[in-house]
Every structure is written in C-alpha cells, then in structure tokens.
Amino acid sequence: MKQSKMFIPTLREVPSDADSKSHQLLLKAGMIKQVASGVYSYLPIAKRVLNKIESIVREEMEAIDGVEILMPALQPSELWSESGRWQSYGAELMRMTDRHGREFALGPTHEEIITSLVRDELKSYKKLPVTLFQIQNKFRDEKRPRFGLLRGREFIMKDAYSFHATEASLDETYQDMYNAYSKIFSRLNLQFRPVIADSGAIGGSHTHEFMALAEIGEDTICYTDGSDYAANIEKAEVVYHPNKKHTEENVLEKVHTPGVKTAQQLADFLKRDLDEIVKSMIVKVDDQFVMFLIRGHHELNDIKVKSFFGTEHVEMATDDDIRSILDASPGSLGPVGVNKIDIYADNSVQDLNNLAVGANEDDYHYVNANVDRDFNVKAYGDFRFILEGEPAADGSGPVKFAEGIEIGQVFKLGTKYSESMNATFLNDQGRAEPMIMGCYGIGVSRTLSAVIEQHNDDKGIIWPTAITPYEVHIISVNPKQEVQKNLADQLYDTYRTQYEVLYDDRAERAGVKFNDADLIGIPVRVVVGKQAADGIVEVKNRRTGDAVEVHIDNLQETIQSIYASFE
Ligand SMILES: O=C(C[C@@H]1CCCCN1)Cn1cnc2cc(Cl)c(F)cc2c1=O
Ligand SMILES: [Mg+2]
C-alpha cells in the first residue's frame, strides 16, 4: 500500500491523556482515535493487526473443533430476566429501549443468547459436545475506562461456549481451550502465565485467567520459581501455619488513646509492631453486617469474603452503617462487647492473644482482649491477601508477585445457565438433564495493547512478525529525485507480489518518514536513498536497529535472513 494513499495520523507529541505506554503508542502511531471515554475507532494499521490476531484465534479455535458464529450485540432483556442477570447487574450493563419501548442490553457477554440458541436446537446427548465461538464487540459501562484499549467500554472479545452431557466431556474441552490459549499467546510472542482465578459472579467452579506480564497490569499474579504454580492474588490461598505467640491471659484494660485512628497509630502508641495489632472491619454481606478481624499488617481480601459467603454482594460498611450498628467511628472498632453481629477472623489472628483492639469508642482502645473470654469468633478462615515471600499453597516455595493484564479467561460454568434457562438434553436413558457448559474469553483488542506493552522501544512499536501490519516498509528518501523514485517504485512493484509492503512515497522530509517508520514498527525497512543509482539500498532491522547496505540483487535474501532470526 502506498502511504500517500494511507490514513496513519501519527503524532509528534505524547498525548497528555495517554496513561500507559501502549495507549501512548497506539495514539502516536496513528492506530486509534478516541470517540468517547473508553470508545475508540481502529484506524488502518490497528485494523490490520486485529485481523491477524483474530485469524490466529480463529485457527486455534477451529483446531479444537470450535465453530464460528456471530451473535447480536442487541440482547432482549427477557433473556437476561430468565437468567436473573437483568436484575442483578447494575450500571455496568448498558441498557437501551427500542421504539416500541422494549428493553435491550448491549451485550457485555453472551451466555444468555447462546444458551437460548442451543436449548432450542441441541436436544439429545448424541449432538453433544458442541463448542461455538464468536469474535464481536462487547459493551460494558466501566466506571473508569483507562489505559486505552486495556479497559474500554466497547471492546472486541472472542467468546466461546461449550455444551456437554458429562463433566468429563467439559473437562476435556476446558483442557483443549487451555492449551489452545497457550498456543495463541505463544504465537503472538507474548510473555504470559495462566493463573488460578476466582470465578466471581459468573459462577461455576473452576477457572483460569491468562495474564500477559506487564507493569501496567491491574492484576497481581502470585507465582513461584519452584513450580508452574500461579494464582491471581484475589484467589491465592494462604496456607495457615500456626505460629502462636500466646502469653499469660491478662486482665482486659481500656486505654485512653487520644487521636489514635489507624492500626499503625495504635501500634506506635502501644510501642508494638503492626502485626501485633488486630484491625476490626465491618463488611456488608448481602444485607447482613459482619465484623472481620485481621492482623494489622494484612489486608482483607474481598474476593475471598465473597466466595466464603457465596455472594457477589460484599462491600465495606459505610461510616453511617458503622455508627448505626456500633455507635462508634471506623477508627476505633473492636470485637469486645459486640454481639449484634457475627465476628469472623482471619486464621492468623489465632497466633495472638491479649489483643490490642478498638473499644468502639472514639479515642479508646482495649489491650488484653482475649477470644472466648471477651468476644466470640463465629469462624476462622483465609480472608486475607497473601504477602510476597509467604509460602505458596502448593508448597513449591515463597510466592513472588508480578503485574499482569488479563487477556483471557476459561471457565467451567456447570449448569448455572442451563438450569435457569431450562436448556436440557435427553440423556442416554431418555431423561432430560441440564446441559453442562463452559465459557472461554479472549480480550482481542486488549491483547493488541498487551502486545504493544511488551514489544516497544523509546522510538515506537516493534511488531512480532506473526501480527505485523505489513512485512516490509519501503521508504524513498527523496521522491523528487527521479532515480530514487524509480528504484523505489520498482522495488514496490516487485516486492508487493510476495510481501505485504507499505511504501512511504510521501513528499515528506526524511526525518518525518523515519520517525513514522519507527512508530509504526514494521520489522524490516528498505531505504532507497543516495546510492539508488548504484542499485544500493539500506536494509534495517526494527528490533536490533542494525542497518546494512545491500545491492538490490541481494535484497530478497537479506529480508529473508532478518525474518528468519527476527524474534
Ligand atoms: O463475561 C464473563 C464470563 C465469560 C468470560 C468469557 C466469555 C464469556 N463470558 C464475566 N462477566 C464479566 N463482566 C460482565 C459485565 C456485565 Cl455488565 C455483565 F452483564 C456480565 C458480565 C460477565 O458475565
Ligand atoms: Mg479477572
């Protein structure tokens, strides 16, 4: 393609609203334009890369018997009412009303649509298993869209759904998908890790997230060098190894602690370490308030609280809630004398006795508070985030942290949707049973950003060869120079028959062309300049920066050798 005909609005300056490396480069390389917060147009270079990512996804889905369909974004609310999600989802679900006043969701995902489609068609176990997938725009009204395509309100997802007569069959497809995702992300030359994850609102039992390693990633991965153990920190289990430091139980004592509000301030006031303090928090679970006790140096893991109680509706109590329940302020809460609400404690609270806790009275705390004597704990559990260096649940050594971008997720859904939506099949005894389902997503547009996060330098993007928008970038330094122009035109005509060629034939200054070429990041660049008369061109490797001067008779093999060793 001639660049004089192209549409690549590169930017000289870093856009101020770009809040991540990939977001900056997508804008600077003229690949996206924001239309609204979290809503983007994909421009030609981005569209070509998306096409290649999608065709790799398509290939690997079809390789495991996935069949492509395309479902509508407009989803009748009736189907979401059948699954109960019309009521349970809030502002994130984009809703609209048609001219007849009928309500629709703009699809954030397609469990309801696919289940209603399959329940009418696949009635016998003989027709199972089936795996259907689509690649399509999704809509989610994120509260804070950011990082460009990493967290948008309209984005491209590959979502696949599988239907089974048995758990064993689901396990097989789950494993096939897991392996296919590993192939896809390897072909994209991404550094990634599958991690044990929390299934959250979607329900189901078993799920893995595929994380692209990147500092900008919003997820924290816990992994060890001792094995391929890796878990999203939301889910990383803390194995409780008792380390009791109990002393003689002392008399409960109320201490005046003026201005002490935080665990650290209490630790300082009492001249103790933070880990000898116990924090008390009020959490609203569904519509019940409960108190959690947790060591001063730990953080409450709301995802673990949700899965302990089996509900998504878990949030910290507000100050007003707290005042109405305990007639105290959040800065001085404690378990002593609390009997209106249940008290849960993280396992490691058991290691201490004679606890320092709030007295449910401003500027007062208790010391020597002891469980069973001064308060009761309804249950101990793993309610906290693991700390870096603590032992991994599989015993393979201390966990390390890394940031990740969730680019894929595979779920064993079970019968959550087939039961609520009555998608049954006749089993081999002629009895109707709910289908067993799996669902599997890849964030296609998010993956594009993840590739850029991992493949760039200070001059721009460096595309992995599998998804580069073009294979060869031919640049004529000075098209006004007859000889240069003719040679460049000739090379374009020759090489476009065997490579995808972007030909910068613009009447722009050389510096502008080279800057743009660095931004756009095509692996191999052929520069037709002063030595055109002698048939000499410069060939440059975008990743290493190495440039060689070659006669056009050796150009083909030079390009091939760069591609052969590019990664
Ligand atoms: O989407 C999934 C699960 C899988 C992921 C892979 C492909 C199939 N779906 C989870 N999820 C995430 N955000 C959502 C946001 C809204 Cl507003 C909603 F209404 C529903 C969902 C929702 O269900
Ligand atoms: Mg997640």
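First listed ligand is number 1; within each ligand, the first listed atom is number 1. Each residue takes its place number in the sequence, starting with 1.
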Does only the side chain of [X] get under 4.0 Å from ligand 1, or the backbone, or both, or neither? Count heavy atoms.
{"X": "Arg140", "value": "side chain"}
{"X": "Thr109", "value": "side chain"}
{"X": "Glu111", "value": "side chain"}
{"X": "Tyr440", "value": "backbone"}

[Y] six-ring face occupied by [X] cation (under 6.0 Å, within 45°):
{"X": "Arg95", "Y": "Phe104", "result": "no"}
{"X": "Lys412", "Y": "Tyr174", "result": "yes"}
{"X": "Arg446", "Y": "Phe155", "result": "no"}

Contact atoms of ligand 1, heavy-atom distance to [X] under 4.0 Å:
{"X": "Glu92", "answer": "15 (C), 17 (Cl)"}
{"X": "Arg85", "answer": "20 (C), 22 (C), 23 (O)"}
{"X": "Tyr161", "answer": "8 (C)"}
{"X": "Leu93", "answer": "17 (Cl), 19 (F)"}
{"X": "Gly441", "answer": "6 (C), 7 (C)"}
{"X": "Asp159", "answer": "7 (C)"}

Point to revise | Any Trp80 heavy atom less than 4.0 Å from ligand 1 | key: yes

Review point. Does His110 have a non-hydrogen atom less than 4.0 Å from ligand 1?
Key: no

[X] atom [atom1], over 12 foreign heavy atoms within 6.0 Å:
{"X": "Glu299", "atom1": "CD", "value": "no"}
{"X": "Asp228", "atom1": "CG", "value": "no"}
{"X": "Glu92", "atom1": "CD", "value": "yes"}

Practice item. Assert yes or no for the condition that the ring centre distance of Phe411 to His206 is strictly below 6.0 Å. Key: no

Can you tell me the protein heavy atom closest to [atom] and the distance?
{"atom": "atom 5 (C) of ligand 1", "result": "Phe411 CE1, 3.7 Å"}
{"atom": "atom 10 (C) of ligand 1", "result": "Ile202 CD1, 4.1 Å"}
{"atom": "atom 20 (C) of ligand 1", "result": "Tyr89 CZ, 3.4 Å"}

Check your understanding: Relative to the ring of Phe210, is the ring of Tyr181 parallel (under 30°), tilted (30 to 60°) or perpendicular (over 60°)?
Key -> tilted

Check your understanding: Within the side chain of Trp80, is there an N or O that forms a donor-acceptor pair under 3.5 Å with the backbone of Gln75?
Key -> no

Exercise for review: Using modelled atom types only, decide if a donor and an acceptor are shared between the side chain of Glu390 and the backbone of Leu387 within a distance under 3.5 Å.
Suggested key: yes

